[in-house]
There are 2 protein chains.
Amino acid sequence: MAQGDSVQKDLLERAAAVIPGGMYGHQSVGRLPDGYPQFFSRAEGARVWDADGKPYLDYMCGYGPNLLGYGHPSVNAAFVKQLEVADTLTGPTARMVEYAEAFVGMVSHAAWAMFCKNGTDATSMAMMTARAHTGRRKLILAKGAYHGAAPWCTPQRTGTTPSDREHQIFCVYNDIDSLNAAAAQAGDDLAAIFAAPIKHDAFVDQSDPDLAYARRAREICDQTGAVLIVDDVRAGFRLARDCSWSAIGVQPDLSSWGKCIANGHPISALLGAEHLRKAAAGIYVTGSYWYQAAPMAAGIETLRLIRETDYLEHTVRLGQRLRDGLAERADAAGFGFRQTGPVQMPLFLFDDDRDQRFGFAWCSHMLDQGVYMHPWHNMFLCAAMTDADIDLTLDAAERAFTQLRKEAPTLGPVPKMQFLVA
Amino acid sequence: MAQGDSVQKDLLERAAAVIPGGMYGHQSVGRLPDGYPQFFSRAEGARVWDADGKPYLDYMCGYGPNLLGYGHPSVNAAFVKQLEVADTLTGPTARMVEYAEAFVGMVSHAAWAMFCKNGTDATSMAMMTARAHTGRRKLILAKGAYHGAAPWCTPQRTGTTPSDREHQIFCVYNDIDSLNAAAAQAGDDLAAIFAAPIKHDAFVDQSDPDLAYARRAREICDQTGAVLIVDDVRAGFRLARDCSWSAIGVQPDLSSWGKCIANGHPISALLGAEHLRKAAAGIYVTGSYWYQAAPMAAGIETLRLIRETDYLEHTVRLGQRLRDGLAERADAAGFGFRQTGPVQMPLFLFDDDRDQRFGFAWCSHMLDQGVYMHPWHNMFLCAAMTDADIDLTLDAAERAFTQLRKEAPTLGPVPKMQFLVA
């Protein structure tokens, strides 16, 4: 290649020719600072390498799937061993039963499991199961919460019709009055309340669930016969070795799972309480690869590691060190730097930065130093991260804050983030 | 285990405890003859082994994904090699661009590709792209055609609402008058016509597309600006090394793909013409594992084998031998035995057998002899099948027809198939 050329640039040009927009979906860098690599070449443990071979400590963890480390040896060994014998067949293998048994054994509210491929499959199946069980139509959802990218739930409505979202009523997360009003609006047609286990919406501060809000959601469902659904696709197993709301003592009727449940191998799940079993058996849902055995073998090993290792305590401890260290450094540099959500699933937003000029610049400085962070989506810690990784992150952050302090007066608005201000 | 017990029986009991209905979706044996194994343990080439180790020559090929043979060495080698380096990451790898380039290079109508996980993802994205492109809502679908299992298309409506299917107008496959009537009903709100490449509905004879019907669908779209979608998820690459309608010279605007495009590794695709690129770039669709690299590496190798081997001619030749041989043996035994659809994707139905008593009994006799066939869903031949496999199938069929002839007068209706008669 000529000087100035790069593999990344070549791939971007080729992608622009054969992929609409060059890339699509949540892994598009279209709404990230310029210079964020779109294409990667390698991953191991807590690190990814971009297409030109530059390594990054990766705080996105694949947007969630990487819980135990990229290319985890025993998870991948279980996967490959199963692949060599049987994977996508004319029916499932014993792995499906074993995985369901292991999952049900870990999730308090669950008596059964169904497996699928996308997180969206699991949330769609939850919706269908709730409607089949109740014979009702209305769903209560929190405004701004992400529950997938099918026509009924994709956050951007292009290509959908209003009827795709009929029977949806919106409340405000953690606002009991709005929840009560939504339930009143649904009346005797309430099928389900969807709840994210924490508020982990993009672009805004995260929030833990308010206990009274969660209990009220449970109470409404108990009183009306509606179904309480916790959508644990993103946060599942990052907050607890059970459904995330087990920590606050509120048990849903259904929970949806995905992302990290096989440490990056493609499988998601709907888990349910006994009284939903018949309804779940009565819906028709399926997919070409839903019964493949290798991701289930990987999932069984992942669940074993979740049960038997200190991955959770480890990521909480590192996350707390990161949070404390960043707070100190942001403060020293004179920035209001909000760190919200669980320490192992952090989101960082600068005060007075609605147009993301500080967030983008700071993340770009982190990226330059080999730390991949996201300016407006929650991040993830994984079990492969070490104290040394936190140290290098904090050192990089100190330099990034210093640089940002110098350049702050000169920074202009970020054109691609103007939609946040408008 | 005690005498009479089996691994299968044990798995069925355990599955009944932790999976709703014991199994769900298209690979459930609930609507197959008693004795069909639900759980498998191994697969290689054209064969699957059930949970107790009994081998079968498998004419279902995983319901389509197995095109080149189970556990294909070079496809799996490409997969594992990629898995060891990078799979589910924080972004795609070069494999995504290479796979899109290879796919677009093979499908005449396509200028771009998007990858996803389920066939249903690809058909849902086609629907959204068509609506985004046209700004219209109505879809024309052929009655009884399968286009996936999301709320808008699942063949069984439990858990869905009428609004999930608003804006759908139905015609009869290969019936031009009904197509014209549907288009008239849609008026100036027609977004898309969905077409299966062949009529491959369950329970009824298959049909090739009528050329005049396909041309009329194209013409309606040309006249109205609507989008012609060929849903090639099931038949793709089994009829042609291009979109299946390339054989009749009708090019769609969009085509959906899945099942065999990575020989069983989990990936599906939407391909589109240049004028749909902008609309496709404007919809928001995504999934946790859509950008994983290993299935794309497997897909690249699968496409290479599709281009460079005689897999297609081989399956057509074997399929013709099978069809001729079965016709001869059915005739000799005095059965009206309808073999419909392409020889490499056959469906067999007995005359005067709406309640499937002959179909079920004959398939059970085939199964007993180690040949896995389906009584009411189209089957698939794969490249790993041999002349010897056809020979053993025909020998088994001769015995099955003979046995059926003897027992025919004593056979009663099949209770689980009574819904077909009602």
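The sequence lines fix the lettering, A, B, ..., with proteins before strands; numbering per chain opens at 1.
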Counting heavy-atom pairs under 4.5 Å with chain B, the top scorer among Pro65(A), Ala132(A), Ala113(A), Ala15(A) is Ala113(A)

Met125(A), part contacting chain B, at a heavy-atom distance under 4.5 Å: neither

Residue from Ala100(B), Gly71(B), Ala191(B) scoring the most non-hydrogen pairs under 4.5 Å with chain A is Ala100(B)

Within the supplied structure, the quantity of interest is the number of heavy atoms (other residues, nucleotides, ligands) at a distance under 6.0 Å from Arg157(B) CZ; does it exceed 12? no

Of the listed Val104(B), Ile19(B), Ile283(B), the one with the largest count of heavy-atom pairs under 4.5 Å with chain A is Ile19(B)

So, taking the atom named CD in Gln156(B) and the one named CE in Met128(A), what distance separates them when rounded to the nearest 0.5 Å? 8.5 Å

With a 4.5 angstrom heavy-atom cut-off, which part of Ala16(A) approaches chain B: side chain, backbone, both or neither? backbone

If you count the non-hydrogen atoms of other residues, nucleotides and ligands that lie under 6.0 Å from CZ in Arg277(A), is the total more than 12? yes

Counting heavy-atom pairs under 4.5 Å to chain A, which of Asp87(B), Thr134(B), Val18(B) comes out on top? Val18(B)

Under a 4.5 Å heavy-atom cut-off, does chain A meet the side chain of Ala17(B), its backbone, both or neither? backbone

Lys278(A), Met127(A), Met96(A), Arg137(A): which one forms the most heavy-atom pairs within less than 4.5 Å of chain B? Met96(A)

Here the gap from Met373(B) atom CE to Met379(B) atom CE, rounded to the nearest 0.5 Å, amounts to 5.0 Å

When Lys117(B), Lys259(B), Glu44(B) are compared by non-hydrogen pairs under 4.5 Å with chain A, the top option: Lys259(B)

Centres of the His377(A) and His26(A) rings: under 6.0 Å? no

Do Trp152(B) and Ser124(B) pair up side chain to side chain, a donor and an acceptor below 3.5 Å, judged on atom types alone? yes

Beyond-backbone contact of Val227(B) with Leu276(B), side-chain heavy atoms, under 4.5 angstrom: yes

Quick one: what part of Ile267(A) sits under 4.5 Å from any heavy atom of chain B, side chain, backbone, both or neither? backbone

Given that the side chain runs from C-beta out, which part of Asn66(B) has a heavy atom under 4.5 Å from chain A: side chain, backbone, both or neither? neither

Please rank Ala150(A), Gly282(A), Ala280(A) by heavy-atom pairs under 4.5 Å with chain B and give me the top one. Gly282(A)

Measuring heavy-atom distances to chain B, does Gln292(A) have an atom under 4.5 Å in its side chain, in its backbone, in both, or in neither? side chain

Can you say whether Thr129(A) sits under 4.5 Å from chain B via the side chain, the backbone, both, or neither, judging by heavy atoms? neither

Among Arg234(A), His133(A), His167(A), Gln82(A), the residue with the most heavy-atom pairs under 4.5 Å to chain B is His167(A)

Turns out that what part of Tyr56(B) lies under 4.5 Å from chain A's heavy atoms comes down to neither

Is it true that Thr286(A) and Tyr291(A) share a donor-acceptor pair across their side chains at a distance under 3.5 Å? yes

Looking only at Tyr372(B), Phe40(B), Trp290(B), Tyr289(B), most heavy-atom pairs under 4.5 Å shared with chain A are made by Tyr289(B)

Is it the case that the side chain of Asp121(B) and the backbone of Asn118(B) share a donor-acceptor pair, with hydrogens and angles ignored and the cut-off at 3.5 Å? yes

Given side-chain hydrogen bond (donor to acceptor under 3.5 Å, both in side chains), test Asp58(A) with Thr90(B) step by step and report yes or no. CA-CA 8 Å; Asp58(A) 178 18; Thr90(B) 294; 2.6 Å; yes

Side-chain contact test, heavy atoms from C-beta onward, threshold under 4.5 Å: evaluate it for Gln168(A) versus Glu166(A) and give yes or no. no

Is it the side chain or the backbone of Ala102(B) that comes within 4.5 Å of chain A heavy atoms, both, or neither? neither

How about Asp52(B) and Gln8(B): does a side-chain donor come under 3.5 Å of a side-chain acceptor? no

Residue Val80(A) versus chain B: region with a heavy atom under 4.5 Å: side chain

Under 4.5 Å to a heavy atom of chain B? For Asn263(A) that would be neither

Could you check whether Arg95(B) pairs with Glu98(B) (Lys NZ or Arg NE/NH1/NH2 to Asp/Glu carboxylate O, under 4.0 Å)? yes

Using the ring centroid of each side chain, check whether Phe115(A) and Tyr99(A) are separated by less than 6.0 Å. yes

Greatest number of heavy atom pairs closer than 4.5 Å to chain B - which of Gly21(A), Pro162(A), Ser163(A), Ala86(A): Ser163(A)

What part of Tyr70(A) is in contact with chain B, defined as an atom under 4.5 angstrom from a non-hydrogen atom: side chain, backbone, both or neither? side chain

Residue among Tyr284(A), Trp112(A), Phe103(A) with most heavy-atom pairs under 4.5 Å to chain B: Tyr284(A)

What part of Asp50(B) lies closer than 4.5 angstrom to a heavy atom of chain A: side chain, backbone, both or neither? neither

Based on non-hydrogen pairs under 4.5 Å, which of Pro92(B), Gly287(B), Ala293(B) is most in contact with chain A? Pro92(B)

Expected output: side-chain Thr123(A) to main-chain Thr120(A) donor-acceptor under 3.5 Å: yes

Against chain B, label Phe39(A) side chain, backbone, both or neither, depending on which of its atoms sit under 4.5 Å from a heavy atom there. both

